[in-house]
Amino acid sequence: MDKYVIGLDIGGTNMRGALLDGNEEQVDELKVPSQAHFGIERLVDNLIELVERIRGSKTIYGIGLGIPGIIDSAKGVITAAPNIAHVKDYPIRSVLNDRLGADINLVIENDANMVGLGEWRKGAGKEVDSMIMITIGTGLGGGLILDGELWSGAHGMGGEIGHMTINPEGPLCNCGSYGCLETYASAVAIRRMVAEALSDGSVATSLRDKVRDAGPADIPELVMEAALGGDEVALGIWQALGKALGIAIASLQNLLDVDMVVLGGGIANAWDFFIRTAEEEAALRGFSAPMEKLSIEKSVLGDDAGILGAGYLALKK
Ligand SMILES: [Zn+2]
């Protein structure tokens with residue numbers, strides 16, 4: 001009988017699932033709303049319906065689940081997840097085993113770890129043994145693949161690259177600390193930098209008109225547009241992001257000496273505006289020998305990385 005697994009990527013708005021065969025090839029895919037704002041019970045109902053639809057009459061051996069939040073992967077528990085309403089220490093693995101079948105092997109990881117695994121198996125990192133994934137979206141997520149294994153920490157809570165301190169005097173972060181990488185390199189950071197630039201009414205920038213009626217989600221795209229038009233303020237925002245990334249990459253490479261850093265997530269689409277600054281800053285700060293061996297690449301799988309990584313982990317375990 002063919003061996004199938006399902007890889008799932010749970011987001012605050014949507015969840016996606018892919019059916020993978022034993023060769024890690026994707027044979028089917030579905031996307032449904034997660035309705036995470038209604039709470040974890042609704043999300044689990046939607047998740048089960050998604051799994052039932054994908055598996056049809058096939059036998060599923062395992063399910064990999066990437067969830068945004070702090071995940072205790074050993075226990076299969078969501079410790080905390082800011083994007084899912086009212087969730088704390090939720091035993092998602094046992095809940096799903098009760099409802100889907102006790103014989104299904106369920107692996108749960110932070111979503112950024114799954115993205116890292118996917119990009120390493122099937123994307124930019126498929127030729128290397130050690131890789132750091134940095135996903136720059138609303139926040140900043142990290143995934144560490146060391147010597148062909150996901151390193152999610154002694155308690156499954158590691159790889160939080162977004163909360164490395166870049167500037168001790170920097171802005172307050174969602175985590176309660178100050179000057180984390182995420183406060184300089186994320187959609188939230190872009191919005192803060194735009195607001196700060198515009199607070200000085202004497203600064204001339206095309207952003208003033210562009211963002212006036214824009215929703216928060218549209219602002220990074222508008223800063224890309226302005227940079228493309230040569231706007232100095234917009235270009236400066238991408239350089240600030242690149243500099244912070246470069247500082248973080250230098251520290252990570254001094255610590256870990258990996259083959260590759262892969263940058264993904266929606267904000268990484270501004271690649272041309274920040275990558276040179278990031279590379280220069282990393283070269284300036286990191287030890288030269290490991291920095292020269294490091295390549296910094298753009299994600300090639302985009303949104304598919306998370307489901308492919310989750311499916312791979314389900315096949316492997
Ligand atoms: Zn933080």
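Numbering of ligands and ligand atoms starts at 1, following listing order. Throughout, residue positions are numbered sequentially from 1 according to the sequence presented. Computed over heavy atoms, backbone and side chain alike; hydrogens, waters and symmetry mates excluded. All values derive from a computational prediction rather than experimental measurement.
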Practice task
Return yes if some donor-acceptor pair links the side-chain N/O of Ser130 with the main-chain N/O of Asp147 below 3.5 Å, else return no.
Solution key: yes
Exercise for the section: May I ask you to decide if Asp129's main-chain N or O and Asp259's side chain share a donor-acceptor pair within less than 3.5 Å? Expected result: yes
Exercise for the section: Spell out the protein N/O/S atoms under 2.8 Å from the Zn ion (ligand 1) as residue plus atom name. Expected result: His163 ND1, Cys173 SG, Cys175 SG, Cys180 SG
Problem - Any donor-acceptor pair under 3.5 Å from Asn46 side chain to Leu43 backbone - result: no
Handout entry: Any donor-acceptor pair under 3.5 Å from Asn97 side chain to Ile104 backbone
Key = yes
Practice task
Mark yes or no for whether Glu119, through its side chain, and Val300, through its backbone, hold a donor-acceptor pair below 3.5 Å.
Solution key: yes
Handout entry: Passing candidate, side-chain contact (heavy atoms from CB on, under 4.5 Å) with Ile132, options Ile296, Leu294, Val261
Key = Val261
